[in-house]
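Here is the structure we will look at, set down as structure tokens.
Both backbone and side-chain heavy atoms feed into the values below; hydrogens, waters and symmetry mates do not.
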Amino acid sequence: RSGNSTPVSVLKDGEKYLPIYALGDGVQRWFYILGCMLIHRNSIICIDEVDVGIHPTAQESFCRTLITYAQKYNVQLFLTSHNLEFMDHFINASLELNKLNDVRIFTLKHDNKKIQSRVLNGKEAVHAREVYDLELR
């Protein structure tokens, strides 16, 4: 090997290979995050604003993939997001994959010069969204 980086390519529509840099920022970020989990197995990975650049229509699939890879490669993920829709997608994907027991959601609220925190497990988060329409961000 010459030490040059090898471009990553993606097979598009089963016909043509495209270099990853020819794809959008969201797809590049998706591959970068999954690559980090492959490289850093048995670790903890923190991702700020995990949903940035991920198209809303791809977020649920992205969440399922995150959960699947995290389990497969024994990676504990700490994710942040201000996006309520992303949180719903993540909770739905966790429910679909029977991983609600592995989810913890931390919420922070600034109240009278104090910051209050709350921790919900996956089942509590589902209940809070369905019954109380609580915004989890």
Do other residues, nucleotides or ligands put more than 12 heavy atoms under 6.0 Å from the [atom1] atom of [X]?
X    : atom1 : result
Q71  : CD    : no
N74  : CG    : yes
H110 : NE2   : yes

request  = Please examine the side chains of I105 and V103, heavy atoms only from C-beta on, and report whether any two atoms are closer than 4.5 Å.
outcome  = yes
request  = Would you mind reporting whether N83 and Q59 have side-chain heavy atoms less than 4.5 Å apart?
outcome  =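 They are in contact (side-chain heavy atoms under 4.5 Å apart), so the answer is yes.
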Inter-residue atom distance L34.CG - C36.SG, 0.5 Å rounding =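 Answer for the CG-SG pair, L34 versus C36, is 9.0 Å.
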query = Is the Y132 ring parallel, tilted or perpendicular to the H127 ring (thresholds 30°, 60°)?
reply =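 Answer is perpendicular, since the angle exceeds 60°.
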Donor-acceptor contact present, side-chain [X] to main-chain [Y], <3.5 Å:
X    : Y    : answer
D111 : K114 : no
R41  : L38  : yes
Q76  : S43  : no
T80  : E49  : yes
S61  : A58  : no
N121 : K123 : yes

ask   = After noting the C-alpha distance and the side-chain angles of I33 and I47, does the key distance pass the side chain to side chain contact (heavy atoms under 4.5 Å, CB included) rule?
value = CA-CA 9 Å; I33 291 169; I47 307 169; 3.7 Å; yes
inquiry  = Please tell me whether L84 and F90 are part of a single hydrophobic cluster in this structure, the criterion being side-chain heavy atoms less than 4.5 Å apart.
reply    =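 Not linked; separate clusters.
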query = Do F86 and L95 belong to the same hydrophobic cluster, where Ile, Leu, Val, Met, Phe, Trp and Tyr are linked whenever their side-chain heavy atoms lie under 4.5 Å apart, directly or via other members?
reply =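 They do share one cluster, since a chain of ILVMFWY contacts under 4.5 Å joins F86 to L95.
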task = Could you tell me which non-hydrogen atom of M87 sits nearest to which non-hydrogen atom of S81, and how far apart they are?
result = SD-CB, 4.4 Å
ask   = Looking only at heavy atoms, what is the nearest atom pair of T57 and H55, with distance?
value = OG1-ND1, 2.8 Å
Ionic contact status for D25 with R29, cut-off 4.0 Å =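 Looking at R29 and D25, the cut-off is not met.
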